[in-house]
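Here the structure comes first, spelled out in structure tokens, and everything after it is commentary.
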Amino acid sequence: MKPSIKSLLLDELIEELWQLNEPPYRANQIATWIYRKRVRSFDSMSDLPRPLRQKLKTKFAYTDLEIVRILGGKDATRKFLFRLSDGNLIESVLIPASPALYGSRSDRRTICVSTQVGCAYGCKFCASGLDGWKRNLSADEIVDQIIAVEQEAGERLDNIVFMGMGEPLANYENLLRAISILNAPWGIGIGARHITVSTSGLVPQIRKLADQPLQIRLAVSLHGATDAVRSQIMPINRKYNVEALFDACRYYNSRKKQRITFEYILIENVNDSVDQAHALAKRARDLEAKVNLIPYNTVDGLEWTRPPRPQQERFLAVLRNAGVTATLRREKGHNIAAACGQLRLQTERALTADFSPTTAGPIRAA
Ligand code: SAH
Ligand code: SF4
């Protein structure tokens, strides 16, 4: 299979052109066509000589994502179902104007992006891992999610969160390559501070991410402040326990300016006790981390439920009283992590059921 032109960094493109006896400035011309003018084929690159376009076509694929379905209406959270070239399905979520999340201002348009088909980590509450892991997404498949959603929405996005299907740090090389393209001035041009990577806690990769120069934001899916609670719902905690995870987070903090965010899904009678709240508060203070509390979103086939409202508020109050910056997602339309955590199930449901844009909200109210 030919490599996608959208998986190349500018330096690599220059190198490829050099091998074709073409001057380096052609690389900038090509990048401008792809990422600024957003053409859909080599043929549209009208200021390139025809023989060069031909050569590019024989060497590279001009990839695109096929939109299968769009759920949700304009000005609301919208879900995009994409079919990859091998038939696998992935999904991205567009949140039009979320309240200040992950460093975004309230007027920012955020996209939640997938990095793998399925997920190998098998967290007990999550729909993405239910059928296991299929494969990593390539860098161009990651970049193309942003391009396709911007194209369809008719507007530019300013915030990217890697909270869709899959574990981003388990696809480290392609993720970093995609982020380079998304961040580059010759590429999509989104600032690193507006790019958040969410991880279930892959310790070595957190350290690796800390050592690379971009000021990417890190969100850690904690969901339990002690090993006893966390191991019960996240198998990865048996490999990298809370202490090892926090060591890696501390290291991340020492290398980056942005504060870490802890994602914490509230699951009734699992991790929602006042004791857990105190333990979490201590952990968060220790790292000066922010906490995002997310009431659990019901997944078909899983037995978990979210605690009643007063219990959620009590949990939040413990954190705030301890001086921790914490938010509790209230509006279902903004429950982006949940929306992304349920990609696979909802995708399959959307394909088998007769969805219409008016009835198919991207998030099921629990
Ligand atoms: N694998 C990475 C990123 C994808 S999951 C990670 O785990 O961080 C993105 C977020 O959605 C995570 O915080 C995850 O815990 C959350 N999530 C998964 N299932 C959910 C559910 N049923 N309700 C609410 N949030 C959920
Ligand atoms: Fe994978 Fe994240 Fe879901 Fe865990 S929460 S199964 S790591 S996608």
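When a ligand or atom number is given, it counts from 1 through the structure's own listing order. What you see below is based on every heavy atom in this structure, not just the backbone, and it leaves out hydrogens, waters and symmetry mates.
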Contact partition for [X] relative to ligand 1, non-hydrogen atoms under 4.0 Å:
X: Phe125; value: both
X: Asn297; value: both
X: Thr199; value: backbone
X: Met165; value: neither

> Below 4.0 angstrom, N of the basic side chain to O of the carboxylate: do Glu263 and Arg329 qualify?
Replying inline: yes
> Is a salt bridge present between Lys79 and Glu91, judged by a nitrogen-to-oxygen distance below 4.0 Å?
Replying inline: yes
> Between the side chains of Thr327 and Asn292, does any donor sit under 3.5 Å from an acceptor?
Replying inline: yes
>> Any heavy atom of Gly166 closer to ligand 1 than 4.0 angstrom?
In response: yes
> Under 4.0 angstrom from ligand 1, any heavy atom of Cys123?
Replying inline: no
> Just distances here: any N/O of Ser221 and N/O of ligand 1 closer than 3.5 Å?
Replying inline: yes
>> Can you tell me if, anywhere in Cys119, an N/O/S atom lies at a distance from atom 3 (Fe) of ligand 2 that is smaller than 2.8 Å?
In response: no
Among [options], which residue places a heavy atom closest to [atom]?
atom: atom 8 (S) of ligand 2; options: Ala170, Gly166, Gly129, Pro235; answer: Gly166
atom: atom 7 (S) of ligand 2; options: Ser221, Ala120, Ser200; answer: Ser200
atom: atom 15 (O) of ligand 1; options: Arg306, Glu263, Lys124, His223; answer: His223

Let me check something: any side-chain donor-acceptor pairs from residues 232-239 under 3.5 Å, sequence neighbours excluded? List them with distances.
| from | atom 1 | to | atom 2 | distance (Å) |
| --- | --- | --- | --- | --- |
| Asn237 | OD1 | Arg230 | NH1 | 2.9 |
| Asn237 | OD1 | Val242 | N | 3.4 |
| Asn237 | ND2 | Asp227 | OD1 | 3.0 |
| Asn237 | ND2 | Ser231 | OG | 2.8 |
| Arg238 | NH2 | Ser231 | O | 3.0 |

>> Here's a test for you: under side chain to side chain contact (heavy atoms under 4.5 Å, CB included), which of Ile265, Val229, Val270, Ile267 qualifies with His223?
In response: Ile265
> Within 45 degrees of the axis of the six-membered ring of Phe262 and under 6.0 Å from its centre: does Arg283 put its NZ or CZ there?
Replying inline: no
> Which of the numbered atoms in ligand 2 are below 4.0 angstrom from a heavy atom of Cys126?
Replying inline: 3 (Fe), 5 (S), 6 (S), 8 (S)
>> Can you name the atoms of ligand 2, numbered from 1 with element, that are less than 4.0 Å from a heavy atom of Cys123?
In response: 4 (Fe), 5 (S), 6 (S), 7 (S)
> By ring pair (Phe, Tyr, Trp, His ring centres under 6.0 Å), which residues pair with Phe162, not counting sequence neighbours?
Replying inline: none
>> Please give me the minimum heavy-atom distance between Thr199 and Leu202, naming the atom from each residue.
In response: OG1-N, 3.4 Å
> Just which atoms of ligand 1 are under 4.0 Å from any heavy atom in Gly164?
Replying inline: 4 (C)
> Ring centres of Phe125 and Tyr264 under 6.0 Å apart?
Replying inline: no
